J.: 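First the structure, which I've put down as structure tokens, then a few questions once you've had a look.
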Amino acid sequence: MITLVALPILIPFVLIIGMLVCRSDKLARWLGPVASGLLLLLTVVLFVFVQKHGVLAIQMGGWEAPFGITLVVDYLSALMLVVSAIILFVIAVYALNFLPDSININRFFIFFFGLAMGMNGAFVTGDVFNLFVWFEVMLMSSFVLITMGRSKDQLEGGIKYLALNLVGSLLFLAGVGLLYGKTGTLNMAHLAEILKNDDQAILMNTSAVLFFIAFGIKAAVFPLYFWLPASYHTPNITISSLFAGLLTKVGVYTFIRFFTLFFVHDPQFWHQILLVVAGFTMVAGGLAAAAHYETRRILSYHIISQIGYMIMGLGIFTPLAIAGAIFFTLHNMIAKTNTFLVSGMINKARGTFELKEIGGLFKESPLTAILFMIPAFALAGVPPISGFFAKFILIKAGIENGNYVITAVAIFTAMLTLYSMIKIWNEAFLKKQPGNGNPGRSYSFSFAEYFPSVLLGIVSILMGIFAMYVFGYTMEAANQLINPDLYIETVLKGIKL
Amino acid sequence: MNSVILQLAAKYLKWLFIVFAVLALIRGHNSPGGGFIGGLMAGLAIVYNGFAYDTFRIKERLQNFPEWLIAGGLFVIVLSFFPSLLLGETIMSGVWLKISLPLVGELKLGSPLLFDIGVFFTVIGVTLMFIFSLTQKR
Amino acid sequence: MDNVIISIFLLAGSFFILIASIGLIRLKDLYSRLHAATKAPSFGIFLMLIGVSIFFNTPMVYIKSLFVIFFIYLTAPLAAHAIIKSFQEKDKDDSEKKITEL
Amino acid sequence: MQYILLLFLISSLAIFILPGWLKKQKALVLSAVQVVAFVYFAARIPEITTAEAKYIFLEWIPALGLNFEFLLDGLTMVFALLVTGIGALIFLYAKAYMKSYEGTDKFYLYLMLFSAAMLGLVLSANLIQLFIFWELTSFLSYFLISFFHEKESARKAAFQSLYITGFGGLAMLAGIILLGSVVDSYSLQDWINGAESIRQSNFYLPGLLLILLGVFTKSAQFPFHFWLPGAMQAPAPVSSYLHSATMVKAGVFLLARLSPVLGGTNEWIYIISLIGVITMLTGSYFAITQTDLKGILAYTTINALGVLVLLLGINTSESIKAAMLFLFIHAFYKATLFMVAGLIEKKTGTRELSKLGGLVKYMPFTFVIALLALLSMAGLPPLLGFLGKELIYEAKVQSPGIASLVLILGVTSNVFMVAVSLFFARKVFLGKPNTFGKTPNEKGAAFLIGPGILVLLSLVLGLFPGNLGTAVIKPALGVVSSEMIDVKLKLWHGFNQVLFLSLLTVFLGVVLYWAMLKKKKLLETWRKVNSVIFSIELDEVFAWVMNKFVQVAQFKTKIVQHGYHRYYILTIFVFTSLLLWFQVFVIRSWEFDLSFSLNPFYISGLAVVILGAAITSAVSRSRIVTIISMGVAGYGISLIFMYYSAIDLAITQILVETLTLVMFMAILQKLPRFAVLSSKRTRLRDFFIALSFGSVMTILAIKAVNVNLNPTISDFFVENSYNKAFGENVVNVILVDFRALDTLGEVTVLTIAATGVFLLLKTKNKKL
Amino acid sequence: MEYNISIVVLIITFSFLLAALVLAFVRLLRGPSVNDRIAAMDVIAVIVMAFILTYSIMVNKAIYLDLPVIISLISFIGTVAVSTYLKHRYG
Amino acid sequence: MEIVLAIVVGILYTAGVYLMLRRSILKFIIGLIFMSNATNLLVFLSAGLVSGSPVFVDGEKINAEVMADPLPQALVLTAIVIGLGIVVFTLALKYKFFELTGTDDLDQLKKTDN
Amino acid sequence: MKIIKRIYYTLEFIGFYLFNLVKANVYIAWDILTPKIHMKPAFMEIPVRLETDFGLLLFSNLLSMTPGTISMDISEDKKIVRVHVLYYKTDEIMLNEFYKMQEKIKRITS
Ligand code: NA
Ligand code: NA
């Protein structure tokens with residue numbers, strides 16, 4: 001049964017092989033979504049198990065921790081797995097209709113599952129170096145995905161994306177090396193145990209800097225985010241959507257994991273710097289989103305701005321704040337992906353992403369309008385959709401912990417978010433289609449085209465209405481993070497199932 | 001390069017390389033070598049062959065050869081998981097089979113070796129795919 | 001006695017390798033440099049391998065040494081040939097500078 | 001009462017699924033729903049006057065202090081009656097008004113949802129819950145205002161109102177959380193119980209200010225008032241509902257709600273009164289200069305809101321009594337007037353005062369209704385408005401401290417109101433008739449039902465105010481000022497100071513009206529002076545600020561996201577170096593063994609060669625030299641690996657180095673030559689940045705070697721490599737057994753890279 | 001392995017090799033033609049092998065011999081690759 | 001000795017970063033390789049160095065001598081191979097980009113930013 | 001019988017090869033270490049008399065490793081080997097030597 005923990009990695013691996021061999025588009029179109037659906041099912045089962053047992057761990061190859069590689073699933077991992085599986089599933093369906101002809105769908109799914117494998121690996125691994133490997137798997141897949149269309153812009157964006165992320169990877173690897181040099185171990189739980197009792201743990205700070213930068217680049221925080229706006233708008237919208245919800249959040253996940261589990265020895269420094277970075281990230285991203293008139297660019301900058309909130313939660317570092325950060329991350333993954341999906345639909349209807357050339361969609365396709373409204377309102381924090389609770393928890397945590405400045409920045413950024421969302425809404429939906437009455441390429445969508453966005457919209461709303469459960473889980477996750485004893489014990493001593 | 005000398009040499013060198021690559025693979029568990037090293041060597045052999053003929057002939061004959069190599073290699077890796085699963089052990093655990101052979105002595109075959117073989121083929125495939133892509137006529 | 005023999009082989013081998021390097025520096029044109037760079041280092045390794053084989057004196061080492069010698073003597077001429085061939089097809093025109101400077 | 005909300009929600013959504021015949025009458029259906037609600041609340045009036053307030057608790061997210069708490073007390077009753085009662089009339093009116101427009105389904109949906117949100121707001125006894133409904137009203141009003149969304153002005157106005165109220169809302173949320181942290185609850189009851197500790201805490205003032213920010217923006221107080229006139233872009237039913245009885249009153253409601261908790265302090269009194277007075281004056285002053293019907297009404301609304309806020313700021317039981325009464329009065333006459341204005345616009349096609357006149361001939365009933373409402377607005381007997389004004393003057397007379405000033409300003413403001421009312425009536429209905437495109441009429445009885453009922457109410461209640469006082473105002477007063485005083489409302493108070501003030505007001509008002517009417521030049525000059533002095537229109541300021549903000553954002557984005565890729569990299573390295581150097585400086589206490597030795601010399605020699613290769617590679621202008629040097633450095637590193645016992649590693653390094661070299665060569669033919677592109681200074685700068693990073697990494701390496709917090713886990717591998725994993729090559733055993741998962745990932749990376757390279761470089765027609 | 005090679009011999013050997021390495025490297029830097037550089041690189045590969053052989057004697061571990069086997073096999077591939085590139089004479 | 005090697009690491013990093021800051025994409029890639037080498041060496045080095053004792057256990061015999069730490073070797077080996085994949089992909093990307101645009105100058109790559 | 005002969009010839013060839021090897025290297029060492037460099041380079045074309053590919057490879061190989069010659073190329077039809085000669089005497093002397101080599105190779109490869 002415990003093998004279940006390894007399956008989020010192994011199933012995509014098998015699927016990669018399948019897709020390599022698969023030459024039929026028909027089969028791929030069928031296999032991709034179904035397999036992603038199964039993956040979703042699997043993660044839900046895992047989550048149920050986590051609810052039952054608290055933390056699940058498997059020692060790969062039967063080599064006991066800390067010697068072998070341990071895969072661990074706690075609340076945080078399980079939540080991330082479930083939400084990212086939802087997104088993967090949705091994108092797999094979306095790809096069927098929105099991937100251009102120039103991209104072979106059976107090839108697309110190779111990298112799609114590569115991304116899934118790397119990401120799931122990053123979520124479940126309990127080993128620092130193994131995490132590096134999964135990061136690379138994820139990164140490599142994303143490199144290919146971003147350049148799949150082979151247009152000039154995509155290649156240019158791809159080069160920038162790749163260059164900065166590779167720097168991040170190398171710093172990560174250096175960090176792993178230094179960490180191992182100083183502690184003699186790679187297992188995260190073991191690291192936590194060693195550093196917990198060591199008064200010299202402060203010497204970890206330099207390694208922590210390297211991880212900080214590495215994750216900062218992945219998570220796209222200020223001033224390390226440049227690659228994101230330079231590249232996210234270049235690939236096909238399916239791929240942008242895939243990235244928007246997932247990639248940076250893995251960075252956030254590792255941030256949370258590392259800075260709650262074992263880089264906890266110098267809170268003054270790290271929490272301060274996290275907060276500073278968070279604040280700048282929010283504002284820089286928010287301002288830039290306000291400056292642009294291309295939906296994907298707006299949304300890309302907006303990703304950055306939202307990352308700031310997640311980091312803010314970590315920087316405040318109370319259980320509530322961390323729960324807020326996790327809640328925010330989960331909500332943001334869903335809503336952000338959805339906005340990208342809808343912008344893809346807009347593009348399909350109008351043939352452009354430029355807001356100045358679009359209009360009249362509210363009248364023409366009210367359902368599309370609602371589909372945009374849900375995630376946009378979620379992001380803007382309109383109650384009772386998911387985003388409100390995420391922001392509320394963070395602001396509450398900030399105020400109650402006395403972090404007034406960052407809270408003020410967060411509120412200011414919320415206004416920036418509102419501005420960007422209203423801008424898209426006003427321009428694309430409310431205003432008349434510009435040009436002399438030419439409605440552009442009118443397009444009515446089929447159910448299959450609506451489905452991904454509808455599903456995510458429903459998830460966003462449910463996350464709001466049933467916020468008590470989601471909050472319960474994130475609080476549970478936060479408590480596990482703040483008091484990692486169960487995690488450590490499960491990894492190092494094993495569990496009985 | 002398209003040189004007669006290199007082509008003459010390639011005829012023999014190719015096999016030498018491959019023999020040594022396989023040697024590196026199967027000896028790898030006990031002496032320097034293993035799937036990566038073996039795979040890279042075998043890959044390089046074919047790369048050399050390509051340079052000698054100034055074309056990558058294998059590509060023309062077997063268009064999808066590298067891809068099959070990769071898929072096959074990965075498949076072997078997956079196969080190597082099954083012994084542990086079937087025996088109910090933690091996945092990826094090594095399962096070993098000891099065979100006593102006359103002359104050779106005791107031979108130990110295990111799923112990690114299978115794993116390494118999978119790596120070997122994958123790496124060959126990858127190397128080939130790299131070089132074929134980079135050198136194709138445009 | 002074996003000690004001395006091994007030492008001599010080692011020294012001689014490294015000496016020939018040094019010769020090759022000196023040749024690379026001293027000789028005036030590519031062809032003559034290549035003569036030095038092809039023959040001397042291979043020979044040097046040859047000698048050193050003999051020394052090594054005697055030193056370890058196990059079948060495995062003999063086999064490996066043989067292989068190394070075989071490979072070197074197989075490949076060194078190929079390398080030299082490749083270098084010369086590419087040089088000639090450039091019509092002895094040292095166009096490195098032209099190629100790379102802008 | 002939560003079921004009322006549910007009913008509203010369901011009925012609003014039900015519009016879309018109603019059967020055809022009923023769908024035509026959807027406005028009536030919704031109106032009926034409102035009536036049901038109204039009756040429901042009205043029937044509970046006895047309960048609130050006699051027994052405890054009705055309170056319902058539904059658990060939601062208790063850990064966040066966020067639960068559904070509904071409370072039906074005197075204060076809520078006032079608002080609930082207004083929301084549902086006027087709501088019912090508004091839907092009737094809308095049925096007639098909206099007939100000619102498209103998308104009425106959406107319209108009714110928004111309006112009904114808005115009504116639900118407003119009701120939810122006033123029923124909330126949990127402040128976060130209240131905030132949720134508060135935000136919902138903001139967003140729904142956004143949709144309502146932008147209903148004619150193809151007009152740019154409508155979009156702009158909607159955005160403006162949303163942005164301002166949204167901002168205030170967020171500030172308010174912060175305030176609620178701040179004050180909530182004092183008593184660790186957001187439940188109203190807990191706040192009231194802990195009022196003392198809240199008022200004494202350090203958070204009181206900031207919390208109060210933040211909440212007031214919400215109140216002031218929502219209730220269109222100075223200097224946030226400007227969104228309200230803009231919001232007149234909405235269809236008339238919306239204006240008459242949102243801007244008379246509901247949305248803008250939310251702020252007033254919150255003030256009243258929180259008055260027992262936060263009220264009574266000097267901060268409360270001065271800040272709120274001050275803002276109220278200014279708003280009151282602003283509203284009445286600008287009302288006169290408007291030439292647009294709805295504009296006039298908007299500014300008079302601002303005036304009324306100012307009055308209400310002022311009264312709650314004064315915070316005596318007299319003033320609160322006045323406020324409660326005035327809520328009704330204003331709702332009645334203002335809803336009426338908005339509806340009338342809508343009707344006039346509809347029938348004549350214009351809202352411009354200058355284009356109107358003599359309408360009494362075509363629309364006599366309308367005239368009567370409007371006149372009564374205007375009289376109420378002017379505060380003349382026997383209408384409810386008179387009662388209100390009297391009470392207000394009374395409250396002001398008794399207001400602590402600043403009575404005289406407030407009184408003078410109050411009278412001034414009312415003088416304006418009287419003049420405006422008269423002017424309105426005169427300009428629209430009397431005088432000589434203008435020529436209109438089509439002849440106005442009063443067809444469509446539904447238009448007049450709503451205003452008629454309201455005016456009738458105003459008249460009846462003005463004559464017999466007693467019941468209103470005891471049944472509704474008194475319980476509300478009990479909630480707000482927490483002391484039960486008798487509320488006896490009568491039309492006639494006898495001759496006193498207040499009556500004198502009223503007379504004075506009317507007199508001055510009439511004089512002003514006369515001046516405006518007869519001395520047209522005076523009015524013109526006044527408008528001109530206004531437009532000079534108040535040339536800065538706040539909504540233009542807002543637009544300007546937003547515009548500048550976008551410009552700044554664009555500027556900043558261009559600076560930060562400049563596109564020079566290498567500066568991105570540079571930023572990253574500089575940032576990393578800074579952090580690392582800082583940490584190295586801070587933690588310089590580690591002990592380390594700096595035994596510098598060049599032994600063995602061949603490794604040192606190797607180091608020198610690697611150095612040479614690195615330098616060559618970095619500075620060479622020949623591609624091939626750069627690449628070959630790179631290869632040499634790689635070989636050197638492999639020798640280091642070899643020397644320090646890593647044979648597999650050394651072999652792999654050599655193989656990979658060779659393969660990389662081959663790959664480079666394979667494509668070098670198609671790559672461009674190097675050129676010197678950066679200046680010497682740039683290169684020097686880059687060198688120092690690189691050096692800074694390189695040297696700090698050196699220090700880190702030394703540190704890692706010297707620090708050992710824990711024995712390494714590697715011994716396990718050496719011990720078990722043969723015994724348990726049957727391999728003598730420990731490194732290989734780690735790769736394929738101990739840490740096979742790493743290898744799995746690595747193979748995946750290679751696979752993906754290879755497939756990716758193929759796809760990237762394949763020529764067009766080749767299919768993989 | 002009863003032999004004990006004098007450390008002096010080893011040091012001299014190492015010195016020879018190091019000197020050879022440096023000289024070859026100088027040629028690599030100076031060119032003038034790319035072919036010269038490649039030739040130098042070729043020699044460097046041999047020097048690396050020689051280093052390894054000497055070192056294996058020094059530490060008395062035959063296992064190091066695996067390295068020269070592989071280097072001898074593959075080092076010339078680089079040479080051929082570079083030469084091929086030169087032959088194409090693309091700028 | 002570790003200090004000398006640490007300096008080598010620093011040198012490699014310096015060269016790598018310097019090359020990465022050039023305008024040529026090709027130089028960037030070479031810088032990447034240098035930095036990658038530097039990182040590998042750093043990982044290898046930071047666990048401590050033992051010379052002349054490769055980690056080969058001799059059957060079931062208990063090994064008396066101090067052995068080098070095998071774990072960093074395995075890690076670096078993995079990292080090297082991953083690096084190969086990445087470098088080749090980067091090369092291919094650069095190649096394709098150059099084929100399409102005819103430029104190698106990073107400063108020309110400003111289209112996707114604004 | 002044939003096999004024994006073949007083995008004999010092979011051994012003889014190895015001896016020959018080794019001898020030339022030593023000679024070549026001593027010669028080069030001497031030339032490089034002495035101050036004056038006595039080289040007289042030239043290009044030559046040698047007709048091939050070998051039939052097998054392996055023999056041809058062996059020959060070109062041998063040329064490169066023995067004193068004063070490096071094989072530069074083999075013509076497409078495998079009839080001519082072009083060499084670079086370091087110590088040129090006369091065509092006749094040199095060609096004779098080359099033919100002798102080819103004979104030795106032929107004996108073991110045919
Ligand atoms: Na250490
Ligand atoms: Na160490």
Side-chain angles (χ1 to χ4, degrees), chain D residues 600-606 608-613 615-617 619-620 622-629 631-636 638-673 728-729, chain E residues 7 10-11 13-19 21-22 24-26 28-38 40-42 44-45 47-49 51-52 54-56 58-59 61 63-71 73-91:
Chain D
F601 69 96
Y602 36 88
I603 291 296
S604 303
L606 204 58
V608 172
V609 170
I610 292 176
L611 169 70
I615 292 175
T616 314
S617 193
V619 301
S620 171
S622 153
R623 290 171 300 171
I624 196 120
V625 172
T626 307
I627 293 166
I628 292 179
S629 310
V632 170
Y635 270 155
S638 120
L639 270 186
I640 292 177
F641 288 152
M642 187 278 301
Y643 180 77
Y644 291 104
S645 325
I647 294 184
D648 281 64
L649 196 50
I651 295 175
T652 313
Q653 169 84 12
I654 286 175
L655 285 168
V656 166
E657 207 64 52
T658 308
L659 198 56
T660 312
L661 191 72
V662 170
M663 301 291 171
F664 263 105
M665 287 311 155
I667 67 162
L668 199 63
Q669 18 176 301
K670 289 271 176 68
L671 294 185
R673 291 165 281 200
E728 294 178 354
N729 181 354
Chain E
I7 191 71
L10 290 175
I11 287 184
T13 310
F14 275 128
S15 310
F16 277 4
L17 292 177
L18 194 59
L21 181 61
V22 170
F25 193 66
V26 168
L28 193 148
L29 294 187
R30 280 181 31 193
S33 75
V34 181
N35 306 65
D36 288 292
R37 300 181 206 272
I38 309 169
M41 198 179 74
D42 224 30
I44 288 177
I47 296 172
V48 166
M49 282 191 263
F51 255 116
I52 296 168
T54 319
Y55 185 68
S56 76
M58 194 176 104
V59 296
K61 290 244 158 66
I63 205 150
Y64 281 102
L65 250 70
D66 282 47
L67 266 162
V69 173
I70 286 170
I71 297 178
L73 253 179
I74 60 139
S75 75
F76 88 106
I77 292 180
T79 313
V80 174
V82 180
S83 305
T84 306
Y85 151 70
L86 285 177
K87 222 203 73 185
H88 284 291
R89 265 190 291 163
Y90 290 98

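What you see is a predicted model, and the numbers here were worked out from it, not measured in a lab. As a basis for the values below, the full set of heavy atoms in this structure was taken, side chains included, without hydrogen atoms, waters or symmetry mates. Each chain gets a letter, A, B and so on, in the order the sequences are listed, and its residues count up from 1.
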J.: Quick one: which residues of residues 656-664 of chain D reach chain E at under 4.5 angstrom, heavy atoms only?
T.: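 Hits under 4.5 Å: T658(D), L661(D), V662(D).
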J.: Quick one: CG on L18(E) to OG on S604(D), what's the gap to the nearest 0.5 Å?
T.: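 Between atom CG of L18(E) and atom OG of S604(D) there are 9.0 Å.
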J.: Which residue out of I52(E), I44(E), V22(E) racks up the most heavy-atom pairs below 4.5 Å with chain D?
T.: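 Most pairs with chain D among the choices: I52(E).
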J.: Distance from N729(D) atom CG to I63(E) atom CD1, nearest 0.5 Å?
T.: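 One gets 7.0 Å once the value is rounded to the nearest 0.5 Å.
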J.: If I take atom CD1 from residue I74(E) and atom CD1 from residue I654(D), how far apart are they, to the nearest 0.5 angstrom?
T.: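 One gets 6.5 Å once the value is rounded to the nearest 0.5 Å.
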J.: For the interface with chain E, which of I647(D), V608(D), V632(D), L606(D) has the highest count of heavy-atom pairs at distances below 4.5 Å?
T.: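 Answer, by heavy-atom pair count under 4.5 Å with chain E: I647(D).
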J.: Please rank T616(D), L639(D), I627(D) by heavy-atom pairs under 4.5 Å with chain E and give me the top one.
T.: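 Among the listed options, the one with the most contacts to chain E is L639(D).
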J.: By a 4.5 Å heavy-atom criterion (distance strictly below it), what part of A666(D) contacts chain E: side chain, backbone, both, or neither?
T.: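 For A666(D), there is no contact with chain E at all, as no heavy atom is under 4.5 Å.
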J.: Within this structure, what is the CE-CG distance for the pair M642(D) and L67(E), rounded to the nearest 0.5 Å?
T.: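 If I round to the nearest 0.5 Å, the distance is 7.0 Å.
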J.: Excluding sequence neighbours, so at least two apart, what forms ring-ring contact (aromatic ring centres under 6.0 Å, His included) with Y55(E)?
T.: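 Once residues adjacent in sequence are excluded, the partners of Y55(E) under the ring-ring contact (aromatic ring centres under 6.0 Å, His included) criterion are Y643(D), Y64(E).
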J.: Does the side chain of Y602(D) come within less than 4.5 Å of L21(E)'s, by heavy atoms?
T.: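 Contact flag for L21(E)/Y602(D) side chains = no.
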J.: Give, for atom CE of M665(D) and atom OG1 of T79(E), the distance between the pair rounded to the nearest 0.5 Å.
T.: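 The CE atom of M665(D) sits 10.0 Å away from the OG1 atom of T79(E).
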J.: Relative to chain D, which segment of L73(E) carries a heavy atom at a distance below 4.5 Å: side chain, backbone, both, or neither?
T.: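 Answer is neither: L73(E) stays 4.5 Å or more from chain D.
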J.: Which atoms form the tightest heavy-atom contact between G612(D) and F25(E), and what is the distance?
T.: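 Taking G612(D) first and F25(E) second, the nearest heavy atoms are C-CZ, 3.6 Å.
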J.: For a quick test of reading the model, state the closest non-hydrogen atom pair linking F601(D) to S15(E) and the distance between them.
T.: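 Closest approach of F601(D) to S15(E), heavy atoms only: CZ-OG, 3.7 Å.
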J.: Quick one: pull up CG in L29(E) and OG in S629(D) and give me the separation to the nearest 0.5 Å.
T.: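 Going from the CG atom of L29(E) to the OG atom of S629(D) covers 6.5 Å.
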